[in-house]
Protein chains: 2
Amino acid sequence: MNGRELDPRKELILKVVTDDYIESAEPVGSRTIARKYNLGLSPATIRNEMADLEENGYLQQPHISAGRIPSHQGYRYYVDSLMKQQALNKKELQVIQSCINNLTMDLDELDLLLQQTVKVLAQITRYPSLMLGPKLQPSVFTHVQLIPLNEHNILVLVVTNMGVIENKLITVDVPVSQMDLDRISYVLNKKLRGKTFDKLKTSFISELREEMEVHDSLFHKAIHLLLRTLESRDKDRIYLDGIINILDHPEFKELEKFKSLMEMMDEEESIYRMLEKTSGHQGLQISIGEEIEEEAFQQCSVVTATYEIGGKVVGTIGVLGPTRMDYGHVVAVVDFVSHYLSKVLSDMNKYN
Amino acid sequence: MNGRELDPRKELILKVVTDDYIESAEPVGSRTIARKYNLGLSPATIRNEMADLEENGYLQQPHISAGRIPSHQGYRYYVDSLMKQQALNKKELQVIQSCINNLTMDLDELDLLLQQTVKVLAQITRYPSLMLGPKLQPSVFTHVQLIPLNEHNILVLVVTNMGVIENKLITVDVPVSQMDLDRISYVLNKKLRGKTFDKLKTSFISELREEMEVHDSLFHKAIHLLLRTLESRDKDRIYLDGIINILDHPEFKELEKFKSLMEMMDEEESIYRMLEKTSGHQGLQISIGEEIEEEAFQQCSVVTATYEIGGKVVGTIGVLGPTRMDYGHVVAVVDFVSHYLSKVLSDMNKYN
DNA sequence: AATTAGCACTCATCATCTGAGAGTGCTAAC
DNA sequence: GTTAGCACTCTCAGATGATGAGTGCTAATT
C-alpha cells in the first residue's frame, strides 16, 4: 500500500527484525535487537522506529505486549530490497549436482531424474518442494511404432528424444494386417521424424489431417492419439517431495493447519494452479501469503523458478514454506537448481 | 502368552471393551459398559471380570483410576475369535467396483488402475492404504521391439499383455543396421511370444543363452536387459494413499508420532519389508503392534491381503491404522478389494 | 531535534492449586 | 456368585498468581 522508499535506518531495522524472526520464529523486541545486533541504537530509539514501521504497514504485533513480526508487506519489501542472497556452500553444490547428474541417462529415467531433482531440492532447503512439467514442446519426435498385440488391439508408442512418452491401446473392429501397420508407421515416421513438437502442433499436423481423410480409420485414430498426447501431457506431471519438512516449523504445530495444507497438496489441481501462474514470467519469482490465491496457503510463501530446454521455458520448480521462510537460502538454491536442471535437460535433448 | 480359551462371559466383556474402545478411543470403565450394553451385570461384576482379564494380559489400564483398554494380546484374541466382520453396504461396494472398473483399460493404465485401487481403499476405510506389486511372473510376453534412435542408441521395449513394462536405452559402439535389428527382434519374438514370464525365467532364457553365444553383442545386451527386467520389476512399485487419514485418530495428535510414521512411510524399503512378509501366506492377515517389526509402527496394526492373477499370488494390499482400528470394517473391505482386484487383473490378463 | 533513560502498564506463559468426575479395589451384605 | 457401598486414586479443566518480555509515553540528555 505504501510504495515510497524507507529511509536507511528503517530499512536496517526492518531487515534485522525479519532476519531474526526468520531464524527464531519468535516476535522480536527492541531490547533483543539492541543487544544482539549492536547497531549503536538504544532500545527506545528502535522502539520508535518500529512504531513507525508498524504504522506504515511493514511490521505487526501478534499482541500488544509482544515484539514485532514482519507483515506480508514487510516481507515483500524484504525480498525485493533487503535480502542478502546466501551463497551455496560447496557441499550443497556438490550434492545437488551429483543428484541431478548421477544417472545412467536411460531414456525412461527422465522421470527418475525429475523425481531426484525435487527430492534434492527438498533435502537442501528443508522445505516441501514441487515441480511441474516438463512440457514436451521442445522435444524432438523420434519414432512412432504400431505394435499388434492381437487381432483387435494395437499398441501405439510415441517415442521422443526424451523417452517414450505415450503408449495407448487402440481397438480396431477389423483386423489389420502387419503390412498396413508398417505402411502407416512408415508414413508417420517419414513425415514427423526429427520435428519438434511445437512445430508439429502448429503446422505438420494440419497438413497430415488433410491427407488423413483419404486413409483408413486406423490411421485416423493414430493421428488423433498423437494430437491428444501433445495437448494432454503438459498438464500432468506434478512432482512433490519433502512435505513432512513443513512440520519442523512451529507455524504448523497445530495439526489442523498442517492437515488443510496436506489436503491442498493432495489436489493436483490446486498445485497446478499455483505453479502454473508463474510459468508465464521467466525466471525466479516469490509469492508471499495472500499473493498465492489458494485458501490453505495464506500463511505460506512460494519461491518458484522456471526451467528450460534449449532456451524454451518448459516447466517450473518451487519451494513452499511458511511466510517466515529462509528466503535468502531458498532463493539461491532454487535459482541454482533451475539453471542446472535446464542445462542437464538441454544436453539430453541435444544428445539424443 | 496365555493360550487357553476364555470363558464366554470374559469373552463377552473383552469384546465389549474392545468394541467400545475402538469406537470411542477412550478407556472404558465398568460403569459405561453396564449402562451402555445392558448385559444384565452390575458394574461391580464387570469390574471383577476386567480385573481377571487384566491379570491374564488381555486388558490394561493407562493409569490406575482409568478404564481399561485392550492389550495387544487382547486385540489378538479379539480379531481371532470375537470380531464380527462388518458387511459392506451397497454404497461402499458400488464405489469400490466403479473405481476399480471405470477405466478405459488402455494398457498403460494398469498403473492408474492400481493407484485408483489404493485410493479407494483409503477412502473407504479412512486409513492409510498401501499396495505392493504386482509381480510380473504370470504376465504373458507379447512383444519385444528394438527401435533405433540414432547411430549409437537403440531403444528396447518389452511389451506384455499387461502393458509396456520396460524401456531401456542400449548404447552400441558400432552402428547396427535396421536389418540386424529386425532379425534380432524376429528371433526374440518368435522364441518368446505367448510365454508367461515365470516360464521364461525357468526354461527359455537358459535355452536362449546358449544360442546367444554365437550371436553378436547387441543380441547379448538385449537378452541381458530382458533378464534384468524380469528380476527387478518385482521389487519396486509401492503405492500409497490417504496417509493424512491417520491424523483423524487421537493416537497421532502428537506431531512426533505422526512424523516418525511419515518418515517410515517415505522409506520404500521398510514398507516393502512390512508388506512382503505377508506375501508368503495367501489371503488375509492381521498384524498387531509389535508383530510388525518396524520400530515406528509399534502402535499400529496392518491388515493385509494378497491378490492374484490367474490364481498366482502377485502382490499385497494393506491398510495401516492404530492398533485401535476398526478391524471389523477394514477386514471386510480389504478382503473384498483384494478379491475384486484379483478378478479384474485376471480378466485383463486373459483378455489381451 | 534527535536520542535515551525511566517508568507504568499489558499480556502471554508457566507453575500451582483446587474441585469435579470417572473409575477402581475391597469388603460386606445379599 | 453377585452386588451395593465406600474410600481412594488419578486425570482434567479451570482459576490464581508470579514472572518476564515487551511496549508507549514522558522527561531528561546530548
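Each chain gets a letter, A, B and so on, in the order the sequences are listed, and its residues count up from 1. The analysis underlying the following values was restricted to heavy atoms, covering all of them including side chains, and did not include hydrogens, waters or symmetry mates.
For A/Thr32, no side-chain nitrogen or oxygen approaches OP1 or OP2 of D/dA21 to under 4.0 Å. In terms of phosphate contacts, B/Arg31 brings no side-chain nitrogen or oxygen within less than 4.0 Å of OP1 or OP2 of D/dT3. In this structure, A/Arg68 does not reach the D/dG22 phosphate: none of its side-chain N or O atoms is under 4.0 Å from OP1 or OP2.
Shown here for A/Ser129 and A/Leu121, the closest heavy-atom pair between the two residues is OG-C, 3.4 Å.
Judged by distance alone, the side chains of B/Asp248 and B/Tyr127 never bring a donor and an acceptor atom under 3.5 Å apart. Checking B/Glu11 against B/Tyr77 by side-chain atom types alone, a donor-acceptor pair falls below 3.5 Å. If you check the side chains of A/Tyr58 and A/Asp52, you find no donor sitting under 3.5 Å from an acceptor. A side-chain donor from one of A/Glu92 and A/His329 sits under 3.5 Å from a side-chain acceptor of the other.
For the segment residues 35-54 of chain B, the set of residues with a heavy atom within less than 4.0 Å of an atom of DNA chain C comprises B/Arg47, B/Met50, in numerical order. Taken residue by residue, residues 20-30 of chain B places heavy atoms nearer than 4.0 Å to DNA chain C at B/Gly29, B/Ser30.
Between B/Thr45 and B/Ser30 there is no side-chain heavy-atom pair separated by less than 4.5 Å.
Taking the six-membered ring where the residue is Trp, A/Tyr75 and A/Tyr327 present tilted rings, their angle falling between 30° and 60°.
A donor-acceptor pair under 3.5 Å is formed between the side chain of A/Glu291 and the backbone N or O of A/Ile288.
Counting to the nearest Å, the C1' atom of C/dG25 and the CG atom of B/Leu59 are 16 Å from each other. Nucleotide D/dT2 holds its P atom 10 Å from the CD1 atom of B/Ile13, rounded to whole Å.
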List every contact pair, protein side and nucleotides 8-14 of chain D side both N or O, where the distance is under 3.5 Å.
unit_1 : atom_1 : unit_2  : atom_2 : d
D/dT9  : O2     : B/Ser65 : OG     : 3.1
D/dC10 : O4'    : B/Ser65 : OG     : 3.0
D/dC10 : O2     : B/Ser65 : OG     : 3.2

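No salt bridge links B/Lys257 with B/Glu251; every basic N to acidic carboxylate O contact stays at or beyond 4.0 Å. A salt bridge does not link B/Arg273 to B/Glu293: none of the charged nitrogens lies less than 4.0 Å from a carboxylate oxygen.
Atom NZ of B/Lys119 is surrounded by 12 or fewer heavy atoms from other residues, nucleotides or ligands within 6.0 Å.
For A/Arg9, the side-chain atoms get nearest to C/dT3 when compared with the rest of D/dG24, C/dT3, C/dG25.
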